[in-house]
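Reading through the structure tokens given below for one structure.
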Amino acid sequence: MTDHRILVIGDSYMTADVFTRAFAARGIDVDAATMTLAEPTGDTSTIREFEGDPAEVARLGAGYDVIAFHAAPVTAEVLAALPDLRLLGCARGGPVNVDLAAARERGVRVTTTPGKNADAVADLTIGFLISLVRNVPASLRDVDARVAEGRPLAESTFEGARWFGREVKGLRLGLIGYGNVARLVAARARALGATITAYDPFVDPASVTDATIVSDLGELLEGSDVVSVHARATDENRHMIGADEIARMPEGAFLINTARESLVDEQALLDALRSGHLAGVALDVNEPDGPWRELVAEPNLILTPHLAGATHETLARGADMLASEVEAFLTGGELRWER
């Protein structure tokens with residue numbers, strides 16, 4: 001297509017072949033490499049959530065003017081070592097593994113893939129919601145206990161009397177944050193008959209026609225049977241859901257977090273589960289230094305290892321989004337998702 005040299009860098013989560021297929025579909029020739037799991041060297045204080053050694057990125061990227069990647073660490077030192085570089089394509093919604101300030105200083109453009117995993121996260125959120133309100137976590141643990149004890153799984157036609165739950169139709173779902181994922185969750189929940197309220201101080205209520213937007217978080221908490229967290233994590237909103245906020249939720253409510261672990265005080269969650277104030281909790285993220293050992297013992301808890309966005313479709317979508325951005329760059333077009 002041009003004389004540009006393009007490199008795709010795979011990692012343990014998003015392998016190089018995912019990138020190469022997407023670029024080949026658009027007729028773009030690329031070279032491919034894969035990051036090793038080497039310990040990082042140099043200053044990585046300006047980036048986070050990366051995999052590998054910045055020095056390896058600098059070595060692999062030498063001579064290329066376009067690099068597409070997912071988790072590779074791109075620090076100021078990497079950028080300084082790559083004078084030919086003109087475009088970085090990061091297959092993430094937020095390029096937290098890129099020193100954006102250093103990239104701007106050197107005139108290197110950075111583009112991303114916002115919303116690539118939104119459908120996947122929304123699907124899992126709805127799966128969590130249904131599982132919680134139908135008592136699936138506790139009933140599965142009961143099945144495990146019966147198997148371990150050698151007892152029949154269903155001793156009575158009326159066994160289900162122990163696990164009465166609720167239907168989604170008529171539930172009041174409160175969404176904290178109303179971005180890409182939350183809007184898809186709302187559409188799915190609405191199709192099942194739930195009513196939707198959302199809190200997002202960055203959204204103009206007049207622009208939303210598919211949910212009731214409230215200006216006060218407490219109002220949302222008090223009026224929701226299920227609260228699902230979808231806010232973007234910042235230093236300012238750490239533990240935005242703590243003991244005081246949980247206390248404002250109705251007795252027997254449920255809470256879901258598929259966003260970021262810092263948004264919810266997990267000790268407060270544990271206390272609320274043990275007291276019975278919360279009837280169930282689903283977490284796809286957890287604080288490494290939080291009480292996760294105690295949480296996993298709670299019968300009404302679902303804890304998954306940050307798999308909400310882990311679908312084959314998410315990977316393919318992200319790679320294609322980057323390939324389209326690189327194609328636009330090569331032909332002088334506009335980059336849709338430039339940071």
With a 4.0 Å cut-off on N to O distance, would you call [X] and [Y] a salt bridge?
X	Y	answer
Arg151	Glu149	yes
Asp265	Arg238	no
Glu49	Arg92	yes
Glu56	Arg59	yes
Asp320	Lys116	no
Asp123	Arg188	yes
Asp17	Arg21	yes
Arg146	Glu159	yes
Arg5	Asp84	no

Open item on the list: Show, in sequence, the C-alpha distance, side-chain angles and deciding distance for Glu325 and Arg336, and conclude whether the salt bridge (charged side-chain N to carboxylate O under 4.0 Å, His left out) test is met.
Closed with: CA-CA 7 Å; Glu325 289 287 82; Arg336 295 177 60 188; 5.8 Å; no
Test item: [X] side-chain N/O and [Y] main-chain N/O as donor-acceptor pair under 3.5 Å:
X	Y	value
Asn257	Asp284	no
Asp225	Ala253	no
Arg190	Asp210	yes
Asn300	Leu132	no
His70	Gly10	no

Determine whether more than 12 heavy atoms belonging to other residues, nucleotides or ligands lie under 6.0 Å from atom [atom1] of [X].
X	atom1	value
Glu251	CD	yes
Arg134	CZ	no
Arg162	CZ	yes
Glu222	CD	yes

With side chains defined as the heavy atoms from C-beta onward, is the minimum distance between [X] and [Y] less than 4.5 Å?
X	Y	result
His306	Arg260	yes
Val110	Val74	no
Pro114	Met321	yes
Asp142	Trp163	yes
Met35	Leu60	yes
Ser228	Leu129	no

Interatomic distance, [X] atom [atom1] to [Y] atom [atom2] [nearest 0.5 angstrom]:
X	Y	atom1	atom2	result
Phe254	Leu273	CZ	CG	10.5 Å
Asp99	Ser45	CG	OG	8.0 Å
Leu88	Leu79	CG	CG	6.0 Å

TODO: Please check if any side-chain donor atom of Gln267 sits under 3.5 Å from a side-chain acceptor atom of His239, or the reverse.
DONE: no
Task: By side chain to side chain contact (heavy atoms under 4.5 Å, CB included) - contacts of Arg109 (at least two apart) - done: Leu87, Phe329, Leu335, Glu338
Task: Partners passing side chain to side chain contact (heavy atoms under 4.5 Å, CB included) against Thr34 (at least two apart in sequence or in another chain) - done: Ala16
TODO: Check Ile47 against Val98 and note the closest heavy-atom contact, atom names and distance.
DONE: CG2-C, 3.6 Å
TODO: List the atom of Leu322, the atom of Thr112, and the distance in Å for their closest heavy-atom pair.
DONE: CD2-O, 4.3 Å
Open item on the list: For His230 together with Tyr178, are the ring centres under 6.0 Å from each other?
Closed with: no
Task: Step-by-step side-chain contact (heavy atoms from CB on, under 4.5 Å) determination, Ile302 to Val281 - done: CA-CA 6 Å; Ile302 301 171; Val281 169; over 6 Å; no
Task: Residue among Leu175, Ile196, Val203 satisfying side-chain contact (heavy atoms from CB on, under 4.5 Å) with Arg183 - done: Val203
